[in-house]
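Taking it in order: structure first as structure tokens, then the write-up.
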Amino acid sequence: MSVMNHRLSSTLLWIGVALIGAFAVGGIALQRGEIINSLWIIVAAVCVYALGYRFYSAFIAAKVLVLDASRATPAERFDDGRDFMPTHKWVVFGHHFAAIAGPGPLIGPTLAAQFGYLPGTLWILIGAVLGGCVQDFVTLFFSVRRDGRSLGQMAKDELGAIGGSAAMLGVMMIMIILIAVLGLVVVNAMKHSPWATSTVAATIPIAMLMGIYLNNLRPGRVAEATLIGVSLLIFAVVGGGWIDENQTLRGWFDYDAPQLALMVILYGFAAAVLPVWLLLAPRDYLSTFMKLGTIAALAVAIVVLRPELKMPALTQFIDGSGPIFGGKLFPFVFITIACGAISGFHALISSGTTPKLLANEQDARFIGYGAMMMESFVAIMAMIAASVLEPGVYFAINSPAGIVGKEAADAVAKISAWGFPVSVEQMQHLAQTMGESTLFARTGGAPSLAVGMATLFSRVFGENLLAAWYHFAIMFEALFILTTLDAGTRVARFMLQDILGNFGIGVGKTHHYASILLTSAAVVGGWGYFLYMGTIDPLGGINSLWPLFGIANQMLAAIALCVGTTILVKSDKLNYSWVTALPLSWLIIVTSAAAWEKLFSADLRVGFLAHAKDLSDKLTNGLLSPDMAGKAPHLIFNDYLNAGLTSLFMLITWLLLADTLRVIYCVVAGKDYPESSESPHMPSRLVEEWVRD
């Protein structure tokens, strides 16, 4: 009887969650012309995530993948205390979340708010539960079953040499674009902001001090190092305000975008070649504290304040005329959100370090599906933080000067004419309260998100500290981004060394320091070029690079889902292959449509080729200013290079899809195909509760 009562209570509970979630989502989607409270979005998100994890992920775990707790994982079988090591599931969850939670879930939703809050919110919820979480979970599981192999290696093993080689090339090129965009977001957040620049710069010696403290001075004293690091971070935020007020000191940290780009490039090179314990590991550790603490504080602020959304559900910019980036609602809202819903970059982590730490195969559901769900929730809160701003303020911060004009009066006049009133005095007062000289044309999403976060924090934790909260938010975003930038550079260097090693080239030897220097320089030179060109782009750089980043990232997700679908079919799970084939099909449609637009659209702010031709014609006819005439050849070359990369990414994706369909046909038709590379079953011998719970 008690069992039946328990089942009845559980059934009623989940019916209640489903009804509340449906009511909240319906309220968000159907309300027009009425002010929506942000708590509606929080309730909708929590209900959707709860239902997705409880039922959909459980279905995948039990029926599609058939997780086996008795099976020894690579962490147990290859335990070397360095790369492979059985680790407690909560520790692995923390590592995995810190590794995947880069700037994407913060910046993408902020930029996509130009369409209104509704499209991005719905895609974040639906895309994560049915796509992003599934991709991360499936990729992690298949990597665990294949000795912790990387995505590129699994593609080569399961699809063959052609598909595998295409996947490796695509992943390498995508990493270059991804890191360049991350650097551009950081640069745009710090340009002509001594407070932000000094604060972010201080995090580098703080991280190195922690590394030296833990490695040389007090080995193993993690709590002491944490206390020192967090205290110094807080002091760096406060000290940045002192520097900003000192006319002598502020000049040391006041730089324009190209200058900051060169500094970020130098930092990226140093982070790639320095010992991991000196900079990368302590920065990751600090970043994890900052990520979890700040996101938790933001969630508390939103729940306590329940701020109303000022941004409309839909804006007139769904037609493609948006000032922040060009392109219509379809397909660019899906490309812009990227990481908040589904991210190909996660597949590199799910087939990288995480499968080498998993002690229990059943934990793949909690870590793979659950961590992506947490990142999606971060994206929801970023959307709220952007949407609670006055729309006029939001567009004044994010619209590049090349669109709204360089003078403040011109910018506010144009933005107000769109139906989003804002004044010069309002923006000046806002900049002053945030401790900035100006907030106009601070493209990239980070500054406007920081304004939104600071506004919420100040109303809960102290309104007289608004400037400090703003620069704390900037540091928080930069720490998010730089962690991914330096780790991404190191991962890209490993990938380049592996690729070169396959051809017998000497610099492919990963243990040679000369190889480390040369390959690091090649990787940094690649993303550094795109970063620098983005800083001199009159349209703000983010207009062309963020869509390219989104396309590349979503195509990488398509590659991962191609591999996952192939393995399911080869594992006699054809009837369940829709689990990965459904999001794969959607990604192929979206990325192909976006790539086509970026290549051939006649809109100068969308089409790379159209923009290059327009600039070339104006340069030939002498219609450009002297400053633009000097930049034009570089911008034209950059457009053609972006067009070439977009074509390459699309070609690789379709090649992987064709190879996937070929292998599936061979399986179904009973013809020869590459054998499954799954490792044989070995029973687990781990008995410790902390790893087998």
Side-chain angles (χ1 to χ4, degrees), residues 102 104 150-156 159 161-184 265 268 272 335 338-339 343-349 351-352 484-485 487-503 505 507-508 519-534 541 544-563 587-588 591-592 594-596 598-599 608 637-657 659:
S150 67
L151 177 64
Q153 189 61 49
M154 286 195 294
K156 187 175 181 180
L159 293 171
I162 295 177
S165 299
M168 289 181 180
L169 176 61
V171 170
M172 184 68 211
M173 296 303 299
I174 287 167
M175 285 292 289
I176 296 295
I177 298 299
L178 181 147
I179 298 170
V181 174
L182 303 186
L184 184 60
I265 290 169
I335 297 302
C339 304
S343 171
F345 180 73
H346 296 185
L348 303 182
I349 307 300
S351 62
T484 307
L485 184 145
T489 300
R490 191 176 286 260
V491 170
R493 186 247 292 173
F494 290 152
M495 288 164 37
L496 180 59
Q497 288 177 311
D498 288 341
I499 291 171
L500 295 175
N502 288 333
F503 292 97
I505 299 175
V507 293
T519 51
S520 296
V523 169
V524 172
W527 63 257
Y529 172 81
F530 287 99
L531 169 59
Y532 188 82
M533 293 306 296
S544 60
L545 281 182
W546 189 269
L548 182 60
F549 159 76
I551 291 170
N553 192 34
Q554 301 294 275
M555 286 184 173
L556 180 55
I559 291 173
L561 290 169
C562 279
V563 174
L587 286 180
I588 292 293
T591 53
S592 297
W596 185 266
K598 294 303 294 182
L599 286 173
F608 291 131
F637 174 78
N638 207 41
D639 277 330
Y640 284 123
L641 183 59
N642 287 344
L645 287 172
T646 302
S647 301
L648 177 62
F649 294 153
M650 188 162 61
L651 177 63
I652 289 173
T653 303
W654 278 96
L655 179 61
L656 260 294
L657 178 63
D659 222 19

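Heavy atoms only: backbone and side chains are in, while hydrogens, waters and symmetry mates are out. Bear in mind the structure is a predicted one, so any value in this text is a computation, not a measurement.
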**Q.** Worked check of side-chain contact (heavy atoms from CB on, under 4.5 Å) between V171 and F345
**A.** CA-CA 9 Å; V171 170; F345 180 73; over 6 Å; no
Q. How would you list, by chain and number, every residue that makes a ring-ring contact (aromatic ring centres under 6.0 Å, His included) with W654, sequence neighbours excluded?
A. none
Q: State, yes or no, whether a side-chain contact exists between I588 and M555 at a heavy-atom distance under 4.5 Å.
A: no
Q | Residues which pass side-chain contact (heavy atoms from CB on, under 4.5 Å) with Y529, listed by chain and number, not counting sequence neighbours | A | M533, F637, N638, L641
**Q.** L657 side, atom CG; L561 side, atom CG - distance, nearest 0.5 Å
**A.** 11.0 Å
Q. Side chain of S351, backbone of S150: donor and acceptor closer than 3.5 Å?
A. no
Q.
Looking at every non-hydrogen atom in both residues, tell me the closest pair between L587 and A557 and how far apart they are.
A. CD1-CB, 3.6 Å
Q. Quick one: does N553's side chain have a donor or acceptor within less than 3.5 Å of a partner on G344's backbone?
A. yes
Q: Would you sort out whether K598 and N642 count as a side-chain contact (heavy atoms from CB on, under 4.5 Å), showing the intermediate values?
A: CA-CA 9 Å; K598 294 303 294 182; N642 287 344; over 6 Å; no
Q) Can you name the closest pair of heavy atoms from A594 and I335 and give their distance? A) CB-CG1, 3.6 Å
Q: Assess whether side-chain contact (heavy atoms from CB on, under 4.5 Å) is satisfied between I265 and W527, documenting all intermediate values.
A: CA-CA 8 Å; I265 290 169; W527 63 257; 4.0 Å; yes
**Q.** Minimal non-hydrogen separation, L531 against G183, with atom names
**A.** CD1-C, 3.4 Å
(Q) Quick check: do F649 and T591 have side-chain heavy atoms less than 4.5 Å from each other? (A) no
Q: Output all residues satisfying side-chain contact (heavy atoms from CB on, under 4.5 Å) with S520, sequence neighbours left out; order by chain, then residue number.
A: F269, A272, V273, R493, I516
Q. Is any side-chain heavy atom of M650 closer than 4.5 Å to a side-chain heavy atom of T646?
A. no
Q) CG/L648 to OG1/T653 distance, rounded to the nearest 0.5 angstrom? A) 9.0 Å
Q: Show the numbers, then the answer: is there a side-chain contact (heavy atoms from CB on, under 4.5 Å) between L151 and L556?
A: CA-CA 10 Å; L151 177 64; L556 180 55; 4.1 Å; yes
Q.
I need the minimum non-hydrogen distance between L599 and A643, along with the two atoms involved.
A. CD2-O, 3.3 Å
Q.
Looking at every non-hydrogen atom in both residues, tell me the closest pair between L159 and D659 and how far apart they are.
A. O-OD2, 3.5 Å
Q) Between OH of Y640 and CG of L645, what distance do you get to the nearest 0.5 Å? A) 15.0 Å
